[in-house]
Amino acid sequence: MKVKIAPSILAADQADLKNEVAKVELAGADMIHVDVSDGHFAPNISLGPDTVQSLRQVTRLPLDVHLMIEEPEKFLDRFIDAGGDIVTVHAEVVDENRLLDLSRTAHSAGKKLGLALKPSTPLPSWFQARLDDIDLVLILSVNPGFAGQQFMPSILPKLAESVELIGDRGLEIEVDGGVDQKNAAQIVKAGATVLVAGASIFRKGDVKTAIQQIRDVSDRTIREVPA
Ligand code: DX5
Ligand code: ZN
């Protein structure tokens, strides 16, 4: 198994996204994490479907769109049409039935649906019942809105719980927020299959070295974890 690395462009130079994406693609990133926040669900405003559409033109990597917005059902179609490959919605703003609708919409378009949780949000009571309807679980390890915050180890029990409930179903388990070259081993050991990293990739100076270091740590850790 190989852990996927998803650089978060929230931490990139927003006036130079085309080159920033090209750099991480060349450096071996597995997907591009695109954070969308609406100023309501998260206290910041980032980007919208038009930017996703432009990104779609400049990379072959899957676009992993993280919707930190209040009404994902209003925008899911737009982000799918724009070229999002995985679109992730937050558990705080959907119930079981709405999740099912969103899942049908995404899957009928041939796209994947993810379910995200803020650090303080427990797994919903319906989590296990809906595992066949989602493709990815995103455990947010910082409060939503900004790149460059510190990883919150308080999410580790929830990560362990999701790994346990997911078992061998093959869903991706993505950890997002404050992931860096130092804590990647602990997070991979706990069962993450996708590492989102913003500041530790784009704000370190050399993107290639930054990705390579996270890759080395993850590969080494995976080899150490008994199957
Ligand atoms: C937080 C976002 C994260 C964030 C990751 O609102 O969902 O994706 O940009 O950036 P770092 O790795 O810098 O915490
Ligand atoms: Zn994110």
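Just follow the structure's listing: the first ligand is 1, and inside any ligand the first atom is 1.
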**OP:** Look at atom 6 (O) of ligand 1 and say which protein heavy atom is nearest, naming residue and atom and giving the distance to 0.1 Å.
**Re:** Gly145 N, 2.6 Å
Original post:
Is any side-chain heavy atom of Ile201 closer than 4.5 Å to a side-chain heavy atom of Val24?
Top reply: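 Counting from C-beta outward, Ile201 and Val24 do come under 4.5 Å.
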Subject >> Heavy-atom side-chain proximity of Leu156 to Gln186 below 4.5 angstrom >> reply: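 Yes; the side chains approach each other to less than 4.5 Å.
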**OP:** For atom 5 (C) of ligand 1, state which one of Val142, Val179, Asp176 supplies the nearest heavy atom.
**Re:**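 Heavy atom nearest to atom 5 (C) of ligand 1 belongs to Asp176.
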For [X], the ligand 1 atoms whose distance to one of its heavy atoms is below 4.0 Å:
X: Phe146; result: 1 (C), 6 (O)
X: Gly178; result: 11 (P), 12 (O), 14 (O)
X: Gly198; result: 10 (O), 11 (P), 12 (O), 13 (O)
X: Gly177; result: 14 (O)
X: Asp35; result: 2 (C), 3 (C), 4 (C), 7 (O), 8 (O), 9 (O)
X: Ala199; result: 11 (P), 12 (O), 13 (O)
X: Ala197; result: 12 (O)
X: Pro144; result: 6 (O)

Do [X] and ligand 1 have an N or O pair less than 3.5 Å apart?
X: Gly148; value: yes
X: Ser8; value: yes
X: Ser200; value: no
X: Leu10; value: no

Original post:
Has the side chain of Thr59 got a donor or acceptor atom that lies under 3.5 Å from a matching backbone atom of Leu55?
Top reply: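 Looks like no, no N/O pair under 3.5 Å.
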Report the atom name of the nearest N/O/S atom of [X] relative to the Zn ion (ligand 2).
X: His66; value: ND1
X: Asp176; value: OD2
X: Asp35; value: OD1

**OP:** For atom CD of Glu224, decide whether the heavy atoms of other residues, nucleotides or ligands shown that lie under 6.0 angstrom number more than 12.
**Re:**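 Yes, the 6.0 Å shell around CD holds more than 12 heavy atoms from other groups.
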Subject >> side chain to side chain contact (heavy atoms under 4.5 Å, CB included), paired with Pro62, selected from His33, Met31, Lys112 >> reply: Met31
If you measure from the Lys or Arg side-chain nitrogens to the Asp or Glu carboxylate oxygens, is any gap between [X] and [Y] under 4.0 Å?
X: Asp132; Y: Arg169; value: yes
X: Glu161; Y: Lys158; value: no
X: Glu92; Y: Lys118; value: no
X: Lys2; Y: Asp30; value: yes
X: Asp180; Y: Arg203; value: no
X: Asp81; Y: Arg78; value: no

Original post:
Is the shortest distance from a heavy atom of Ala11 to ligand 1 less than 4.0 Å?
Top reply: no
Original post:
Hey, does Ile201 sit under 4.0 Å from ligand 1 if you only count heavy atoms?
Top reply: no
Original post:
Under 30°, 30 to 60°, or over 60°: which ring-plane class applies to His90 and Phe41, parallel, tilted or perpendicular?
Top reply: tilted
Original post:
Heavy atom under 4.0 Å from ligand 1: found in Leu140's side chain, backbone, both, or neither?
Top reply: side chain
